[in-house]
> 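Could you have a look at this structure, given as structure tokens, before my questions?
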Amino acid sequence: MKRRDVLQGAAVLGASTAIGLPHIWRKDANLARAANGEIKVGVLFSLTGTTAIIEESLHKATILAIEEINAAGGINGMQIVPVEEDPASDPATFAEKARKLVLGDRCVSVFGSYTSASRKAVLPVFEKRNNLYWYPTLYEGRECSKNVVYTGAVPNQQQDEFVPWLIQNFGTRFYLIGSNYIYPKEENNYCRKLLARYGAEVVNEEYVPLGHSEFSSVINKIRSTEPNVIFSTVVGDSVVALHRQYRAAGLDPEKMPMASLTTSENEIAAMGGDAAAGHFTSAPYFMVHQSPENERFVAAYRARWGDDKVTHFVSEPSYFQVYLFKQAVEKLAPSDISPPTVAEAVKGEELTAPQGQIRLERENLHCWLWPKIARARSDGQFEVLKDSAEWVAPVPYAAYPDQVCSENGLQQS
Ligand code: ACM
């Protein structure tokens, strides 16, 4: 072997190999581990900026679960230590804070993100360092990472029942309005496929910038196109502005409702119940859901954060995913707790969440969930009109039937 070949080989394997240390040592040294009776985890939700309106509640639900677990003795006697960062609703700041939590604080997992833009921004950090990100938000699917646990709904779990139900009850003309980034575009791509399947049509598809608050031209177009349903994937503060301006314009939810995948009790608390009343949301959880687990969750959340606070379909997975983490870590010896061992241990885990029994699908690390259709009431809560008879499997590539996410990665047929 020539000297140049040896040097090139060393460069590929990394500097530690070049000075004689085995490759396995270098890889292992990069992994975060539990130590000194503590399990460090990152908590990465925006407390400022345009999506703080919802992310603040995800932060609160995560902290509540951590505090409950610690108060009950921790995990196998070890306390969970949260390291909290505010990424300010900015994807670049998300990536910077994720690097700090993984490399600087050496957290064994990080709980975080509302928008898919922020999840996409942190993904390379978790994949490169073989760490684990726990993502509680409904999202567009089309992702297959062994470094993310996805506990929110994917499009088939929000739309498969909802879209035909809307067509049946209101008609075939849909106006698609979303914030301008990957999540609304992929949700609408799936919606278009369902509309075509049921003989319905799109009268307009439109995107507004994140944080957009002036909807008069959108409302004018809605008036002139006369849809039966306004299908909304607008997020953050814009949800509040859209609903208020719809109402101020004198539009009638009885005749032309908004059907949203992103409007929860949380945004309704910000806009006021009157602005939301009569509009529809599909999601696996609503605060009014009746179960002993939900009664406990709502009571604990309000006792910790205030009697005026609401729970919703993203704060609920933010809460139960910490318990999934606990179940996985419980199976491991303290010296074995690292991101890849936790990722392996959580596969196939089930628990009774506030929404019902959920399972983390081992093939794709997404959750089996309980979709529901509900109408907003003027008191800020929802009336559930339709509950799924069975839990629904996650199909993250539902819009791309030639692709399947499996334990061996993305399979293409
Ligand atoms: C989202 O961006 N996944 C709501």
Side-chain angles (χ1 to χ4, degrees), residues 41 43 45 47 52-75 79-82 84 111-112 114 134 136-138 151-153 262-273 276-277 281-327 329-330 349-360 367-385 387-388 391:
V41 300
V43 180
F45 294 108
L47 304 178
I53 180 176
I54 188 136
E55 289 193 58
E56 197 211 350
S57 61
L58 315 187
H59 175 270
K60 285 184 161 63
T62 306
I63 295 296
L64 172 65
I66 292 172
E67 289 177 354
E68 285 180 352
I69 292 167
N70 283 342
I75 309 179
Q79 292 283 292
I80 307 176
V81 177
E84 298 165 50
F111 303 96
Y114 176 74
W134 297 69
T137 310
L138 56 120
T151 54
T262 47
T263 305
S264 77
E265 293 84 345
N266 202 64
E267 287 84 359
I268 295 176
M271 73 179 76
T281 295
S282 167
Y285 171 88
F286 291 97
M287 187 172 171
V288 294
H289 183 66
Q290 296 202 331
S291 71
E293 291 76 18
N294 191 39
E295 260 171 48
R296 269 201 298 278
F297 171 48
V298 171
Y301 192 87
R302 291 190 146 178
R304 177 65 177 90
W305 300 113
D307 271 346
D308 58 333
K309 295 289 185 282
V310 294
T311 58
H312 56 85
F313 58 80
V314 198
S315 66
E316 189 244 8
S318 301
Y319 177 76
F320 79 63
Q321 70 177 10
V322 183
Y323 279 91
L324 265 185
F325 171 80
K326 170 179 181 278
Q327 277 186 208
V329 172
E330 248 162 10
E349 280 299 307
E350 291 187 19
L351 57 74
T352 309
Q355 69 176 274
Q357 186 80 0
I358 62 96
R359 177 201 291 156
L360 191 77
C367 274
W368 292 65
L369 299 169
W370 296 86
K372 300 164 181 62
I373 297 170
R375 178 169 45 209
R377 303 187 313 220
S378 57
D379 67 355
Q381 292 293 326
F382 283 91
E383 179 189 3
V384 176
L385 305 175
D387 210 332
S388 46
W391 59 0

> Is there side-chain contact between Glu267 and Ile54, with at least one heavy-atom pair below 4.5 Å?
yes
> Please state whether the rings of Phe111 and Phe325 are parallel, tilted or perpendicular, taking 30° and 60° as the class boundaries.
perpendicular
> Minimum heavy-atom separation for Glu293 and Pro354, please, with both atom names.
CB-CA, 3.9 Å
> Do His59 and Glu84 get their side chains close enough for a donor-acceptor pair, meaning under 3.5 Å?
yes
> Are Trp134 and Thr62 close enough that some pair of their side-chain heavy atoms sits under 4.5 Å apart?
no
> For the atom pair OG1 (Thr262) and CG (Leu138), what is the distance rounded to the nearest 0.5 Å?
7.5 Å
> Kindly say whether Thr311 contributes a backbone atom to a donor-acceptor pair with the side chain of Glu316 at under 3.5 angstrom?
no
> Within the 4.5 Å heavy-atom criterion, are Leu369 and Gln355 side-chain neighbours or not?
yes
> Which heavy-atom pair separates Met287 from Glu265 by the least distance, and what is that distance?
N-OE2, 2.8 Å
> Look at the rings of Trp368 and Trp391 and say which category their plane angle falls in: under 30° parallel, 30 to 60° tilted, over 60° perpendicular.
tilted
> What is the distance from atom CD of Glu55 to atom OG of Ser318, rounded to the nearest 0.5 Å?
9.5 Å
> Is the CD atom of Glu349 crowded by more than 12 outside heavy atoms at less than 6.0 Å?
yes
> Please report the closest heavy-atom contact between Pro82 and Ile63, naming both atoms and the distance.
CB-CD1, 4.2 Å
> How long is the gap from CG on Leu64 to OH on Tyr319, to the nearest 0.5 Å?
5.5 Å
> Might you work through the side chain to side chain contact (heavy atoms under 4.5 Å, CB included) test for His289 and Lys372, ending with a clear yes or no?
CA-CA 10 Å; His289 183 66; Lys372 300 164 181 62; 3.7 Å; yes
> State, with a plain yes or no, whether a side-chain heavy atom of Val310 is found less than 4.5 Å away from one of Gln381.
yes
> What's the shortest heavy-atom distance between Ile358 and Cys367, and which atoms?
CD1-SG, 4.1 Å
> How long is the span from the CG atom in Leu58 to the CG atom in Asn266, to the nearest 0.5 Å?
8.0 Å
> Taking all heavy atoms of Lys326 and all of Gly74, pick out the closest pair and write down the distance.
CE-O, 4.3 Å
> Which distance, rounded to the nearest 0.5 Å, do you find between the OH of Tyr323 and the CZ of Phe297?
10.5 Å
> Could you label the plane-to-plane angle of the Trp305 and Tyr301 rings as parallel, tilted or perpendicular, counting under 30° as parallel and over 60° as perpendicular?
tilted
> Has the side chain of Asn70 got a donor or acceptor atom that lies under 3.5 Å from a matching backbone atom of Gln79?
no
> Quick one: OG on Ser291 to OH on Tyr285, what's the gap to the nearest 0.5 Å?
8.0 Å
> Looking only at non-hydrogen atoms, find the nearest pair between Phe313 and Thr263 and report the distance.
CE2-O, 3.6 Å
